[in-house]
Amino acid sequence: MPDVILYSLVAVVALLAGGAGGFWLARSVINTEAKSKLSDAERTLADANRQAETLQKEALVEARDAAHRLRTEVDKELTERRNEIKSSENRLSQREANLDKRVDALDAREHQLSSLGGQLDRRSRDLEAMEAKTQEVLETVARMNLEEARTELLNRVKSDVVKQEAKILREIEEHTRSEADKKSREIVSLAIQRVAAEHTVEQTVSSVSIPSDDVKGRIIGREGRNIRSFEQITGINLIIDDTPEVVVLSSFDPVRREIGRLTLENLIADGRIHPARIEETFKKATEYVNQQVKEAGDQVAFDAGVHDLHPELLRTLGRLKYRTSYGQNVLRHSLEVAHLAGVMASELGLDPAAAKRAGLLHDLGKAVDHEVEGSHALIGADLARRFGEAPGIIHAIEAHHDDVQQTTIVAVLVQAADAISAARPGARRESLESYIKRLEKLESIANAYNGVEKTYAMQAGREVRVMVEPNTISDDQAVVLAHDIAKQIEEEMEYPGQIKVLVIRESRAEDYAK
């Protein structure tokens, strides 16, 4: 046991001695390395200091060079600025000298103008005195004062103006006729030739033939029972008079009148006339006429090439089959206007479809004008508007009789086509009373002008010949008078086609050889 402890102590001592020796050895190695690294660091620091000094010297040299260059540039720029300022000062000095010279010249001119103004004032006063004296001399020589001379001058100027106006008016008319008439006549004649519709004036028959006068009693019935039932059911007045074998129907509604005519003819053909049979026959006639109206509307739209019309518009168009205007069938007239407007639109390079549609519908209001108050043009426009027609079509309908101002070419074409269709020879007939009134109106318009001696309406109102007093109306004034009369006729009258105004001024000189 003591040996073990001894050995342990020896081992511990040896271990401690080895650790101390190793520590000393390690410390020596560390110190040697530290000294080596310190010497390397000192050498590196010395090199860095030397490089820094070198860079500093180089930077200082470059800064000095840059400062020298900058100073040189600044000196050069300052020199240039000084030169510019000096030259500007020289120019300003020169301008001031020139301005001084101009001011002196202006002062001299102002003084000269002042002296001239005084001279002009004196001369003006002298001229006024001379003018007054001259006016007195002229008045003495001419034996008229200033107002009379002015009136005489104005009259001469007025006469010259009238002559010039007549000359200008004549030149304008000649130019317009030479340029416009040729083209318009070509278009209208082409349209009329291509739409050479047959014109058979259709009489609105309101009478029914009966086989014998005995049938009149059967139509009247016992104590007037049949005739009262007929009028109550059909809404038509039945006139039975002494005219042999004829019964007259009277109604403002053409469709209702046609239904009544068919009803009466069927009753006479059947022979059985009593209230129940009248009602039954009336229903059948109504269905038949309504079917005819529908077919007529469809057919005329097909013939005109107008599609997509509202069914109500087609039915209203079909009613025009039984409507006449001055003896002209309105449905045929509408179809003809559609064709004429379409042809003229094509010749002018416009859309013929719109012109045809407006022409076909332009007299739509005549189908219901006996039911609604107002112009048939405005009534037709309201119907077209109600059933979705385009604004351009509606405007053409309401403007074809100048109820509103025309604003589109289609409206003008429809009005022209309407006038062409109505003005055809044999297209319409006119009552004697309205015919006489139109002629009297033409003559009264012309007779209202000063200097008119006599007026004659010629060629059924297509020409007005105006005889004027030669001492009152000159040749130039006659041209102006014809223009004024034609303008007033256009504004105050309605007529188909055109009216020629011819002013005749005749001077005769008579003498006798003895």
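All values derive from a computational prediction rather than experimental measurement.
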Going by an N to O cut-off under 4.0 Å, is there a salt bridge joining [X] and [Y]?
| X | Y | answer |
| --- | --- | --- |
| Glu53 | Lys57 | no |
| Asp126 | Arg122 | no |
| Arg505 | Glu469 | no |
| Asp484 | Lys487 | no |
| Glu62 | Arg64 | no |
| Arg386 | Glu312 | no |

| Would Ile445 and Met493 satisfy side chain to side chain contact (heavy atoms under 4.5 Å, CB included), going step by step from the backbone distance to the final call? | CA-CA 10 Å; Ile445 289 175; Met493 296 186 62; 3.9 Å; yes
| task | Output, in order, the C-alpha distance, side-chain angles, deciding distance and verdict of side chain to side chain contact (heavy atoms under 4.5 Å, CB included) for Leu442 and Thr455. | result | CA-CA 9 Å; Leu442 287 173; Thr455 303; over 6 Å; no
Without hydrogens or angle criteria, can the side chains of [X] and [Y] be said to hold a donor-acceptor pair below 3.5 Å?
| X | Y | value |
| --- | --- | --- |
| Thr72 | Arg69 | no |
| Glu295 | Gln299 | no |
| Asp363 | Ser334 | no |
| Asn90 | Gln94 | no |
| Asp303 | His339 | no |

I want to check something: taking the side chain as every heavy atom from C-beta on, are [X] and [Y] in contact at a cut-off of under 4.5 Å?
| X | Y | value |
| --- | --- | --- |
| Ile504 | Val466 | no |
| Val501 | Ile489 | yes |
| Thr54 | Glu58 | yes |
| His395 | Thr407 | yes |
| Leu314 | Lys294 | no |
| Lys86 | Arg82 | no |
| Glu463 | Leu502 | yes |
| Leu361 | Leu317 | yes |

For the residue pair [X] and [Y], what are the closest heavy atoms and their distance?
| X | Y | answer |
| --- | --- | --- |
| Arg319 | Val293 | N-CG1, 3.6 Å |
| Asp403 | Ala377 | OD2-CB, 3.3 Å |
| Ala341 | Ala417 | N-CB, 3.8 Å |
| Glu506 | Pro470 | O-CG, 3.3 Å |
| His400 | Asp418 | CD2-OD2, 3.7 Å |
| Ala396 | Ala358 | CB-CB, 3.7 Å |

How many angstroms lie between atom [atom1] of [X] and atom [atom2] of [Y], to the nearest 0.5 angstrom?
| X | Y | atom1 | atom2 | answer |
| --- | --- | --- | --- | --- |
| Lys356 | Leu360 | NZ | CG | 10.5 Å |
| Asp100 | Arg95 | CG | CZ | 14.0 Å |
| Leu127 | Arg125 | CG | CZ | 11.0 Å |
| Leu320 | Asn329 | CG | CG | 8.0 Å |
| Lys101 | Leu106 | NZ | CG | 14.5 Å |
| Glu336 | Leu331 | CD | CG | 12.0 Å |

Heavy atoms from other residues, nucleotides or ligands near [atom1] of [X] exceed 12 (cutoff 6.0 Å):
| X | atom1 | value |
| --- | --- | --- |
| Asn450 | CG | no |
| Gln119 | CD | yes |
| Gln405 | CD | no |
| Gln56 | CD | no |

| side-chain contact (heavy atoms from CB on, under 4.5 Å) with His362: which of His333, His401, Glu398? |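 Result: among His333, His401, Glu398, His333 is the only option passing the side-chain contact (heavy atoms from CB on, under 4.5 Å) with His362.
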| message | Using side chain to side chain contact (heavy atoms under 4.5 Å, CB included), reason through Leu383 and Thr316 one step at a time and then give a plain yes or no. | response | CA-CA 9 Å; Leu383 283 173; Thr316 307; 4.3 Å; yes
| query | Sub-3.5 Å donor-acceptor pair from the side chain of Arg357 to the main-chain atoms of Ala338, do we have one? | reply | no
| task | Would you confirm whether Gln477, through its side chain, and Ser474, through its main-chain N or O, come within 3.5 Å as a donor-acceptor pair? | result | yes
| query | Where do Leu313 and Glu389 land on the side chain to side chain contact (heavy atoms under 4.5 Å, CB included) test, with the steps shown first? | reply | CA-CA 10 Å; Leu313 291 181; Glu389 287 298 316; 3.6 Å; yes
